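Below, read A as the first sequence line, B as the second, and so on, with proteins coming before strands; counting in each chain starts at 1. Note that the coordinates shown come from a computational prediction; the quantities given were computed from them, not determined experimentally.
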4 protein chains.
Amino acid sequence: MTIKRFMELRKAQKENRRQTIVEVAEEILTTKGIDAVTIRSVAKAAGLSVGSIYMYFKNKEELFLCMLLGHLEKLDKAFASRIQGEDALQVLKAMANDYKDYYLACGRHINVIGYLYEQRNQAGEINPTLLNDLETLLASVLAKTQVVLENPAMAPILKGLEASRAIPVMWSIMTGVAELTLTSPRGNQSGFDFDRVLDDTMHILFKKD
Amino acid sequence: MTIKRFMELRKAQKENRRQTIVEVAEEILTTKGIDAVTIRSVAKAAGLSVGSIYMYFKNKEELFLCMLLGHLEKLDKAFASRIQGEDALQVLKAMANDYKDYYLACGRHINVIGYLYEQRNQAGEINPTLLNDLETLLASVLAKTQVVLENPAMAPILKGLEASRAIPVMWSIMTGVAELTLTSPRGNQSGFDFDRVLDDTMHILFKKD
Amino acid sequence: MTIKRFMELRKAQKENRRQTIVEVAEEILTTKGIDAVTIRSVAKAAGLSVGSIYMYFKNKEELFLCMLLGHLEKLDKAFASRIQGEDALQVLKAMANDYKDYYLACGRHINVIGYLYEQRNQAGEINPTLLNDLETLLASVLAKTQVVLENPAMAPILKGLEASRAIPVMWSIMTGVAELTLTSPRGNQSGFDFDRVLDDTMHILFKKD
Amino acid sequence: MTIKRFMELRKAQKENRRQTIVEVAEEILTTKGIDAVTIRSVAKAAGLSVGSIYMYFKNKEELFLCMLLGHLEKLDKAFASRIQGEDALQVLKAMANDYKDYYLACGRHINVIGYLYEQRNQAGEINPTLLNDLETLLASVLAKTQVVLENPAMAPILKGLEASRAIPVMWSIMTGVAELTLTSPRGNQSGFDFDRVLDDTMHILFKKD
DNA sequence: GATGAATGAGTCTTCATTCAT
DNA sequence: GATGAATGAAGACTCATTCAT
């Protein structure tokens with residue numbers, strides 16, 4: 001029993017450390033950009049040695065993958081909470097804001113789909129299990145989008161298009177607005193503001209003639 | 001006379017080489033990704049020495065900027081040809097396809113707006129003239145989008161929104177669809193196809209209830 | 001306890017290596033000139049890899065600075081031991097010989113004052129602490145010169161000039177004699193010998209009419 | 001006759017160009033430092049092509065040598081004009097100022113004696129004739145120093161030391177004062193001013209007890 | 001004679017990864 | 001388990017020198 005307990009404690013501790021490292025890496029990614037995320041900088045910020053990072057992650061790539069997983073999980077949970085919403089417009093806006101958070105934290109630096117494709121098609125040293133996790137999670141996020149779109153309140157918006165085919169449409173819009181408005185700080189020269197562009201997009205999408 | 005001619009030839013030749021280098025760099029960018037675009041790799045692919053690249057471009061940054069300029073110019077010209085179109089839907093689709101070409105070639109790897117912002121706010125060694133060119137060109141592309149949107153045929157789509165505010169909406173949609181569907185080769189696992197998603201987006205946007 | 005001990009050992013070892021690298025660099029500087037001191041050559045001569053040098057020194061500049069500091073410290077100590085001397089002439093000669101060692105080792109290649117000025121006025125990546133150390137040390141050396149000159153035994157030499165103003169005079173003489181006689185190996189074509197020129201200078205300076 | 005004339009013209013023209021190039025190089029050396037003196041920068045500033053420089057100078061080294069020769073020649077002439085002076089102190093001061101000009105222009109960057117030694121002892125690609133010229137000129141400058149020192153007005157200063165042995169003494173002093181006070185711009189932090197240090201040195205040297 | 005494009009070895013510096021302790 | 005020193009290939013960039021035109 002005691003040994004088993006001990007092992008569990010160890011495991012939990014290990015999982016804790018992993019999480020810490022991921023969070024530290026995220027912090028650096030968000031605040032200083034992708035080039036600043038080096039094993040050294042992460043180790044230093046986490047109060048660990050360089051070598052230790054490799055006890056928790058086989059690779060820098062694996063660390064990145066775990067960051068991606070973390071953020072996507074967060075997005076997944078956020079989307080889950082939107083499913084019950086009654087007001088179609090409000091729900092979509094809320095989701096777009098969830099996406100905004102995701103985008104600022106990591107979507108800005110890594111395109112999940114492209115990343116997934118690259119990792120699958122390169123003889124990378126990536127743990128296939130984690131890659132599958134990523135794929136599953138991505139599917140889960142998209143599935144939630146679909147659930148939201150299947151909410152009867154959405155019907156007038158879809159204009160007859162099946163919910164499954166509306167997924168990429170919604171996703172494109174969120175991606176596009178984020179990409180256009182969030183790459184430079186607010187009040188940027190381009191004059192594009194996330195909320196305004198989102199509102200205008202919604203207007204074009206949903207305003208009844 | 002002969003000397004003048006000679007000088008002109010030299011200049012033309014130089015411009016040619018510049019173009020060749022840019023094209024080689026684009027080729028590498030498109031096929032192997034942005035990290036594969038190193039001075040060495042470009043030089044090798046262009047059949048030149050490392051030092052020679054620096055005869056044509058002050059910096060790696062300048063080379064990138066020139067790539068951007070070239071592609072944006074191409075996009076600008078393509079958009080220009082769309083202005084006269086009568087069928088709003090067809091025009092927008094055509095523009096989206098123009099954007100697709102741009103995206104595949106370079107938009108995928110470099111976000112112009114973000115790039116412009118970064119360069120402006122870092123004491124980079126970038127030729128300010130070229131940076132201004134980029135800004136002007138970007139403005140020109142956006143202006144053409146506006147002209148297209150001011151075409152009376154577009155009126156029913158805008159639903160009263162001013163053309164100037166519809167610009168980022170259209171741009172977001174193009175960006176978003178491209179981002180979602182073109183980061184991995186066609187027939188990718190995500191199952192998202194550019195044309196189909198574009199069509200569906202247009203359906204949601206324009207279909208009368 | 002053991003851990004503390006271990007840490008101390010590590011630190012000492014690190015300091016040792018630093019010193020080794022500095023010495024290797026000095027060796028190259030002295031024998032092959034300043035242009036031969038490259039990170040590669042130092043690494044090779046120290047039996048280390050290029051990257052390793054950067055574990056001990058942030059910069060090539062920092063390595064140089066440390067060399068300077070080491071030599072200046074040595075000079076400072078040497079000067080300190082001269083302060084008590086009774087025979088003014090002997091003291092000055094001894095100091096000139098101390099300076100000779102310093103000059104041969106590094107003064108010949110780097111002018112401290114000019115170096116300090118340049119580093120202060122360029123946005124170099126130099127550790128400001130080290131730069132301050134250099135400034136302090138330089139001041140200390142000069143201060144010791146002053147103390148020596150304030151020794152009553154020096155009075156007849158100064159002929160009423162304040163000691164503080166005699167500092168640059170003494171310094172100039174030491175620098176000048178070194179500069180003239182030590183740039184090429186002894187028995188050089190110019191026929192100028194350090195000891196002889198020094199003696200003659202002292203003769204002109206101090207011989208009573 | 002015409003052909004001979006033509007050849008002479010050519011030769012004169014060539015010599016002119018050489019001179020121009022040397023002057024341009026000096027200008028760069030003085031204003032921007034030794035690292036800024038590249039074949040390219042010189043060619044550009046002289047309005048010539050890179051290749052052309054090599055028509056007039058076999059080497060970058062040869063160009064430097066010619067610069068040295070030019071400056072030393074100037075110094076030689078300046079010293080020549082001091083020979084007749086009656087007031088020993090004034091003459092020495094004037095010579096120190098001549099040296100100052102020389103130092104600021106090139107002595108600061110190149111130590112003639114050391115340079116001569118290096119070139120003699122390295123299998124450099126230097127024109128031996130030019131090297132001899134340099135040696136001769138250096139001897140001439142030193143000889144003039146001797147003539148000045150043999151001026152009866154100097155007698156009280158030498159205190160019995162032969163003029164030939166006083167040469168390096170004078171030279172050391174000029175070198176040293178320049179080295180100490182001219183490496184950073186006037187009003188530098190070190191607080192050493194050329195004129196003041198020179199005056200003080202003269203005071204110690206010549207003030208009768 | 002004159003040109004300037006081309007070369008390529010060499011500069012400093014970074015960083016993911018490994019391994020002896 | 002944990003460390004962090006060590007590695008070395010790779011990055012961008014420079015510059016004296018050459019040579020085809």
Side-chain angles (χ1 to χ4, degrees), chain A residues 10 13-14 17 35-44 47-63 125, chain B residues 3 6-7 9-11 13-14 17 35-44 46-63 125, chain C residues 3 6-7 9-11 13-14 17 35-43 46-63 125, chain D residues 10 13-14 17 35-44 47-64 125:
Chain A
R10 271 285 164 95
Q13 212 179 42
K14 180 158 185 171
R17 290 252 216 196
D35 287 343
V37 184
T38 67
I39 293 291
R40 258 167 145 82
S41 69
V42 171
K44 194 174 179 183
L48 292 172
S49 68
V50 169
S52 293
I53 302 293
Y54 286 87
M55 302 192 54
Y56 300 97
F57 302 92
K58 188 182 179 185
N59 256 337
K60 194 190 173 187
E61 213 53 51
E62 195 171 302
L63 170 57
E125 294 287 313
Chain B
I3 292 178
F6 182 73
M7 294 283 284
L9 229 82
R10 269 282 167 94
K11 214 168 177 178
Q13 217 176 41
K14 183 156 187 172
R17 286 262 209 209
D35 287 342
V37 184
T38 67
I39 293 291
R40 262 229 251 291
S41 70
V42 171
K44 195 173 180 183
L48 290 172
S49 66
V50 169
S52 295
I53 303 296
Y54 289 88
M55 296 182 49
Y56 300 97
F57 303 92
K58 189 185 175 188
N59 271 138
K60 192 191 173 187
E61 215 54 51
E62 194 171 303
L63 171 56
E125 291 290 311
Chain C
I3 293 180
F6 182 73
M7 295 282 283
L9 228 81
R10 270 279 168 96
K11 215 167 179 180
Q13 215 175 42
K14 183 156 188 171
R17 287 262 209 208
D35 288 342
V37 184
T38 66
I39 293 291
R40 262 227 252 293
S41 70
V42 171
L48 291 172
S49 67
V50 169
S52 294
I53 303 297
Y54 288 87
M55 295 183 50
Y56 300 96
F57 303 92
K58 189 185 177 188
N59 272 139
K60 191 191 172 186
E61 215 52 53
E62 194 170 302
L63 171 56
E125 292 289 312
Chain D
R10 269 289 163 91
Q13 212 178 41
K14 181 157 185 172
R17 290 253 215 194
D35 287 343
V37 184
T38 66
I39 293 291
R40 260 168 144 83
S41 69
V42 171
K44 195 175 179 183
L48 293 171
S49 67
V50 169
S52 292
I53 302 293
Y54 286 87
M55 300 192 54
Y56 300 98
F57 303 92
K58 188 182 178 186
N59 256 335
K60 195 192 173 187
E61 211 54 51
E62 196 171 304
L63 170 57
F64 264 77
E125 295 287 312

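When each of D:Gly47 and C:Lys58 is assigned the nucleotide of DNA chain E bearing its nearest heavy atom, the one mapping closer to the 5' terminus is D:Gly47. Each of C:Gly51 and B:Glu61 was matched to the nucleotide of DNA chain F holding its nearest heavy atom; the match closer to the 5' end belongs to C:Gly51.
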request  = Let me see the working for C:Leu48 and C:Met55 under side-chain contact (heavy atoms from CB on, under 4.5 Å), right down to the final yes or no.
outcome  = CA-CA 11 Å; C:Leu48 291 172; C:Met55 295 183 50; over 6 Å; no
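Proximity of A:Ser49 to the phosphate of F:dA2: no side-chain N or O atom is located under 4.0 Å from OP1 or OP2. In this model, the phosphate group of E:dT7 is approached by a side-chain N or O of B:Ser52 to a distance below 4.0 Å at OP1 or OP2. An OP1 or OP2 oxygen of E:dG1 is reached within less than 4.0 angstrom by no side-chain nitrogen or oxygen of D:Tyr56. Note on B:Lys14: a side-chain N or O is less than 4.0 Å away from OP1 or OP2 of E:dA5.
A distance of 7.0 Å separates NZ in D:Lys60 from OG1 in D:Thr38, rounded to the nearest 0.5 Å. Atom-to-atom distance recorded for B:Glu62:CD and B:Tyr54:OH is 11.0 Å, nearest 0.5 angstrom. With values rounded to the nearest 0.5 angstrom, A:Arg17 atom CZ is found 9.5 Å from A:Ile53 atom CD1.
One atom, CE of A:Met55, and another, P of E:dC19, lie 16 Å apart when rounded to the nearest Å. Rounding to whole angstrom units, CD1 of residue C:Ile53 and P of E:dT13 are separated by 12 Å. In this structure, the OH atom of C:Tyr54 is 5 Å from the C1' atom of E:dC12, given to the nearest Å. Between C:Leu48 atom CG and F:dA6 atom P the separation is 6 Å, expressed in whole Å. F:dA12 atom P lies 15 Å from atom NZ of B:Lys44, rounded to whole Å. Separating the CG atom of C:Asp35 from the P atom of F:dC15 is a distance of 13 Å, rounded to the nearest angstrom.
Heavy atoms of B:Phe57 sit nowhere under 4.0 angstrom from any nucleic acid atom. Residue contacts shown for C:Thr38 are limited to sugar-phosphate atoms, with no base heavy atom under 4.0 Å away. Backbone-only contact: B:Arg17 has heavy atoms under 4.0 Å from sugar-phosphate atoms and none from a base. Here A:Ile39 lies in heavy-atom contact (under 4.0 Å) with a base.
Under the Watson-Crick or G-U wobble criterion, with both distances below 3.5 Å, E:dT21 is paired with F:dA2.
Of the candidates E:dG1, E:dA6, E:dG10, E:dG10 carries the atom nearest the C:Arg40 side chain, counting heavy atoms from C-beta on. Nearest to the side-chain atoms of B:Asn59 among the listed nucleotides F:dT3, F:dC13, E:dA5 stands F:dC13. Here the side chain of A:Val50 is nearest to one of E:dA16, F:dG4, F:dT14, namely F:dG4.
Of all non-hydrogen atoms in B:Ser41 and B:Ala36, the two that sit nearest each other are OG-O, 2.8 Å.
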